[in-house]
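By convention in this document, chain letters (A, B, ...) are assigned in the order of the sequence lines, proteins followed by strands, and residues within each chain are numbered from 1. Side chains included, hydrogens not; waters and symmetry mates left out as well; all remaining heavy atoms used.
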2 protein chains.
Amino acid sequence: MKAIIQTDLSNPRALEWADAPEPTLEDGQVLVKVKAAGVNRADLLQAAGHYPPPKGVTDTLGLECAGVIEEVKGDSQGWKVGDEVCCLLSGGAYAEKVAVPAGQILPLPHGYSFTEAASIVEVACTVFSNVVMIAGLKEGNLLLVHGGAGGIGTFAIQMAKRLGARVAVTAGSAEKLAKCKKLGADILINYKEEDFEEIVAAEGGANVILDIMGAKYLDRNVKALAKDGHLVIIGMQGGVKGELNIGRLLSKRGSITATGLRYRDLADKARIVNATEDTVWPMLADGTVTPQIHEVMDMRDAAKAHELLDSGAVSGKIVLTA
Amino acid sequence: MKAIIQTDLSNPRALEWADAPEPTLEDGQVLVKVKAAGVNRADLLQAAGHYPPPKGVTDTLGLECAGVIEEVKGDSQGWKVGDEVCCLLSGGAYAEKVAVPAGQILPLPHGYSFTEAASIVEVACTVFSNVVMIAGLKEGNLLLVHGGAGGIGTFAIQMAKRLGARVAVTAGSAEKLAKCKKLGADILINYKEEDFEEIVAAEGGANVILDIMGAKYLDRNVKALAKDGHLVIIGMQGGVKGELNIGRLLSKRGSITATGLRYRDLADKARIVNATEDTVWPMLADGTVTPQIHEVMDMRDAAKAHELLDSGAVSGKIVLTA
């Protein structure tokens with residue numbers, strides 16, 4: 001088969017569509033013929049050598065895909081050859097075929113194309129697991145999402161509004177904020193011109209903050225938390241080490257969790273995928289949450305797709321088609 | 001009535017047994033004639049001006065007591081005059097009488113004296129709410145408790161063992177560690193001679209850490225966490241601001257909560273008191289968790305009791321009798 005191969009590990013853009021061995025199935029896995037794969041910031045990190053796949057997982061890029069089941073091995077949990085599906089992956093989506101643990105497969109959301117489905121699996125599982133399963137966002141709460149116009153952000157705004165929460169977002173341009181507003185965001189903050197923590201604190205504080213900046217925003221996020229608020233850090237674009245004011249956190253009885261999906265074990269991933277399907281898939285089916293696709297590109301152009309995502313000029317997701 | 005009055009706010013030891021106005025009951029409160037009151041480190045902080053009572057609460061010291069109900073007002077949730085009870089308080093226990101919200105009253109644990117009951121309410125609610133309700137300690141988990149020989153520590157060791165967890169403790173002397181061992185602690189660490197984070201990491205890491213040191217131990221506690229571990233900070237004896245390595249926390253999918261009981265609202269306190277009674281009171285009644293009382297003193301000697309607790313030479317609790 002063909003897959004995207006990184007031909008020079010010191011060059012994150014050396015991504016070529018080349019021959020690769022077909023995946024070998026283990027018991028409880030299915031082989032999916034990939035129709036479309038979502039591009040995530042994590043893929044850029046991996047190509048730059050900063051985010052290695054878990055042990056035993058292919059080093060081919062790609063954390064989500066949609067396609068058709070070609071083969072099953074052992075207990076496939078009811079999935080069968082010919083099923084049209086989408087998948088949460090630990091790697092391998094930038095290829096013609098990928099091996100997937102049966103617990104990480106979902107049906108296409110009702111009415112969704114492969115391209116749309118491939119754009120939504122990773123953000124849906126990430127946002128739902130962090131914002132709802134870990135941080136417990138409830139109706140009437142205030143959610144603060146950094147990078148509101150990105151893949152994670154555009155999904156989080158819609159899901160939180162559907163759950164009856166208010167949503168504050170940060171973004172770096174009026175255009176991006178306008179997009180957030182259109183998706184339902186209540187409080188729009190241009191981080192280049194305003195102090196998000198003051199604006200959010202004046203609104204009573206955020207019950208949940210979904211953060212991708214890490215150290216750079218740590219103290220400011222704690223300032224923005226409401227009583228009993230929960231800061232969930234899923235990215236460290238602003239650095240790894242930051243000063244934590246424990247006194248301030250204690251005065252709010254606040255919690256901080258730093259977490260991710262990729263290194264979780266199979267049972268944990270299956271639990272998240274199931275809960276996401278139960279809660280989020282109906283929102284996708286009835287159109288209250290919609291996929292936000294910035295551009296669809298040919299998988300052969302993976303390097304260009306990475307270039308584009310890295311430029312910061314993207315709102316929503318980039319999807320590669322095989 | 002008489003109560004302990006701080007006659008000089010700049011002197012934390014200026015504590016005198018003097019005339020004070022009787023508490024006035026609000027609806028849903030009961031008046032308790034105090035037989036015994038537990039001494040907590042928080043009382044020392046308050047006398048030093050660092051831990052003010054919540055709005056509307058007496059500035060008399062004392063976060064827990066046992067005694068007899070003398071009067072009820074409005075809906076007392078079934079409690080009646082003459083009931084022998086113990087209470088979680090926001091303040092006021094160092095007195096002959098105290099007003100208590102009905103939701104913060106518990107029966108004396110079966111077979112317990114007033115003195116024993118007064119020694120256990122605050123630690124039981126604190127440890128259970130943090131270790132179980134917030135951090136989710138489970139059978140087979142490893143709990144790390146700092147200050148294993150203190151009031152919090154001696155209770156946490158016994159409760160965690162009863163729940164089927166392993167327990168690691170830190171303390172500053174062989175004598176204190178021997179006491180922890182007697183109560184069931186599995187891993188004994190003299191913090192003056194050993195690096196707790198290395199020992200705990202070698203045991204697979206702590207699923208839950210109950211911390212009273214704050215900044216000084218922040219980085220070391222994160223190193224000691226197991227995958228999906230939860231650090232709960234309830235004291236800042238080692239400072240308020242510390243460097244957080246978010247990358248390390250993320251690699252463990254770790255959580256940090258900094259919290260306390262005193263400023264929670266009535267409903268939240270009632271929820272914690274109820275859950276503690278349901279789960280912990282049977283452990284006290286059957287003797288698998290026992291009160292650890294260092295010394296019983298007359299309430300008139302509150303200043304001496306604070307002096308003693310401050311000296312660090314205490315293992316278990318000091319109780320004042322009225």
Side-chain angles (χ1 to χ4, degrees), chain A residues 42 45 50-52 54 126 129-130 133-136 211-219 221-223 225 227-265 267-269 271-272, chain B residues 42 45 50-52 54 126 129-130 133-136 211-219 221-223 225 227-265 267-269 271-272:
Chain A
L45 284 177
H50 299 315
Y51 193 52
T126 295
S129 64
N130 288 302
M133 296 172 78
I134 291 178
D211 177 68
I212 50 172
M213 294 303 291
K216 187 176 173 188
Y217 277 5
L218 179 60
D219 191 49
N221 277 329
V222 172
K223 283 181 183 163
L225 276 181
K227 280 271 162 71
D228 299 301
H230 202 140
L231 163 63
V232 186
I233 303 174
I234 59 170
M236 297 181 292
Q237 294 178 34
V240 169
K241 291 182 184 181
E243 187 179 78
L244 177 62
N245 186 329
I246 300 170
R248 183 172 287 134
L249 190 65
L250 200 147
S251 75
K252 298 179 173 196
R253 298 190 296 264
S255 293
I256 301 172
T257 300
T259 189
L261 285 182
R262 195 179 196 186
Y263 301 107
R264 290 182 182 273
D265 64 24
D268 218 11
K269 281 181 183 157
R271 183 177 63 88
I272 288 169
Chain B
L45 285 176
H50 300 315
Y51 192 54
T126 296
S129 65
N130 288 302
M133 295 172 78
I134 291 177
D211 177 68
I212 50 172
M213 294 303 291
K216 188 176 172 187
Y217 278 5
L218 179 60
D219 191 49
N221 277 329
V222 172
K223 282 181 183 162
L225 277 181
K227 280 271 161 72
D228 299 301
H230 201 139
L231 163 63
V232 185
I233 302 174
I234 59 169
M236 297 182 292
Q237 294 178 33
V240 169
K241 292 182 183 179
E243 187 180 79
L244 177 63
N245 186 328
I246 300 170
R248 182 172 287 133
L249 190 66
L250 200 148
S251 75
K252 298 182 173 194
R253 298 190 295 265
S255 294
I256 300 173
T257 300
T259 188
L261 284 181
R262 195 179 197 184
Y263 302 106
R264 290 181 183 272
D265 63 25
D268 218 11
K269 281 181 183 159
R271 184 177 62 88
I272 288 169

Option in B:G239, B:G242, B:G260 with maximal non-hydrogen atom pairs under 4.5 Å from chain A:
B:G242
Taking every heavy-atom pair that is under 4.5 Å apart, which of B:G214, B:S255, B:S251 has the most such pairs with chain A?
B:S255
The salt bridge (Lys or Arg N to Asp or Glu O under 4.0 Å) partners of A:K252 (sequence neighbours excluded) come to none
Salt bridge (Lys or Arg N to Asp or Glu O under 4.0 Å) against B:R253, all qualifying residues, sequence neighbours excluded
B:D228
From [X] [atom1] over to [Y] [atom2], what is the distance, rounded to the nearest 0.5 angstrom?
X: A:I246; Y: B:M213; atom1: CD1; atom2: CE; result: 10.5 Å
X: A:L244; Y: B:L249; atom1: CG; atom2: CG; result: 10.0 Å
X: B:L218; Y: A:E243; atom1: CG; atom2: CD; result: 10.5 Å

Counting heavy-atom pairs closer than 4.5 Å to chain B, which one of A:R248, A:H230, A:K241 comes out on top?
A:K241
For B:L231, which atoms come within 4.5 Å of any heavy atom of chain A: side chain, backbone, both, or neither?
neither
